[in-house]
Trainee: 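Take a look at the following structure, please.
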Amino acid sequence: NAHGTQTRGSLIVIEGCDRSGKTTQCSLLQENLTSSGYSVKLMKFPDRTTVIGQMINDYLACKQDVDDHAVHLLFSANRWERVSMMLKLLEQGTSLIVDRYAYSGVCYTAAKRGFDMSWCKQPDIGLPRPDTIVYLTLSSEAAAKRGNYGEERYEQTDFQKKVADNFAALTEDSWKVIDADKSIENLQAELLDICKETIKRSSDQPLYKLWT
Ligand code: FDM
């Protein structure tokens with residue numbers, strides 16, 4: 001900045017249901033921001049590379065059954081085990097583009113019978129609060145045109161509808177809700193603008209804690 005002091009990076013989260021194009025868009029954001037000279041790191045939750053992430057992966061691949069409460073806590077623990085690294089990077093001025101976060105955690109578990117949003121939020125209270133949350137929406141018709149769901153747990157139409165309803169209920173005013181039913185290039189251009197604006201706006205702002 002103008003005073004030559006180190007400014008922090010931004011925490012930017014991209015959320016959405018399966019097949020909204022999140023992962024493609026996140027990789028493009030990393031490429032485009034990096035080539036424009038920004039310091040950016042891509043992260044994704046669940047992070048399947050850790051021991052906890054391996055347990056989550058086996059659960060999602062239906063290789064292992066885990067109690068619904070326990071797996072919810074594993075997803076949350078998988079975020080907490082990355083917090084110190086995230087804070088360090090942000091402090092060093094690197095912005096993080098995060099593919100799914102606690103909002104997926106809440107919306108997916110709360111789509112199960114017997115779970116409510118308030119219980120689901122508890123273990124993620126206090127995580128670093130994103131500077132921007134983008135929520136990619138896709139109508140069920142537009143989603144159907146993108147082909148079949150994969151083989152993983154949760155990849156069924158009825159369940160995805162409940163997840164989408166939960167996202168709609170969780171959305172706060174500050175969320176940027178974007179219709180993903182457009183070309184990869186047009187969607188990317190919109191997201192790039194949002195990221196650049198966020199990095200500019202939040203560099204001298206404090207980093208808050210989630211749901212506090
Ligand atoms: N998912 C993801 C959850 O159920 N809870 C969470 O906290 C997170 C981060 O895991 F169905 C679900 C969402 C999705 C599945 O995600 C795997 P990816 O993005 O397809 O790897």
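The structure presented is a predicted model; accordingly, all values stated were derived computationally and were not measured. Order of appearance sets the numbers: ligands from 1, and atoms from 1 within every ligand.
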Trainee: Between the protein and ligand 1, are there any N or O atom pairs that come within less than 3.5 Å of each other, and if so, what are their names and distances?
Mentor:
from     : atom 1 : to   : atom 2 : distance (Å)
ligand 1 : 7 (O)  : R79  : NH1    : 2.8
ligand 1 : 7 (O)  : R79  : NH2    : 3.2
ligand 1 : 7 (O)  : G105 : N      : 3.4
ligand 1 : 16 (O) : R100 : NE     : 3.3
ligand 1 : 19 (O) : K44  : NZ     : 2.7
ligand 1 : 19 (O) : R100 : NE     : 2.7
ligand 1 : 21 (O) : K44  : NZ     : 3.2
ligand 1 : 21 (O) : R48  : NH2    : 2.9

Trainee: Per the side chain to side chain donor-acceptor pair (under 3.5 Å) rule, which among T94, D131, D204 passes with R8?
Mentor: D131

Trainee: Show the nearest heavy-atom pair for residues N78 and P46, with the distance to one decimal.
Mentor: OD1-CA, 3.3 Å

Trainee: For the residue pair H69 and F115, categorise the inter-ring angle as parallel (less than 30°), tilted (30 to 60°) or perpendicular (more than 60°).
Mentor: tilted

Trainee: Identify the two heavy atoms, one from T132 and one from R201, that lie closest to each other, and give their separation to 0.1 Å.
Mentor: OG1-NH2, 3.0 Å

Trainee: Please set out all donor-acceptor pairs under 3.5 angstrom arising from side-chain atoms of residues 168-179, sequence neighbours excluded.
Mentor:
from : atom 1 : to   : atom 2 : distance (Å)
T171 : OG1    : F167 : O      : 2.6
D179 : OD1    : D181 : N      : 3.0

Trainee: Any idea which heavy atoms bring L42 and S27 closest together, and the distance?
Mentor: CD2-CA, 4.0 Å

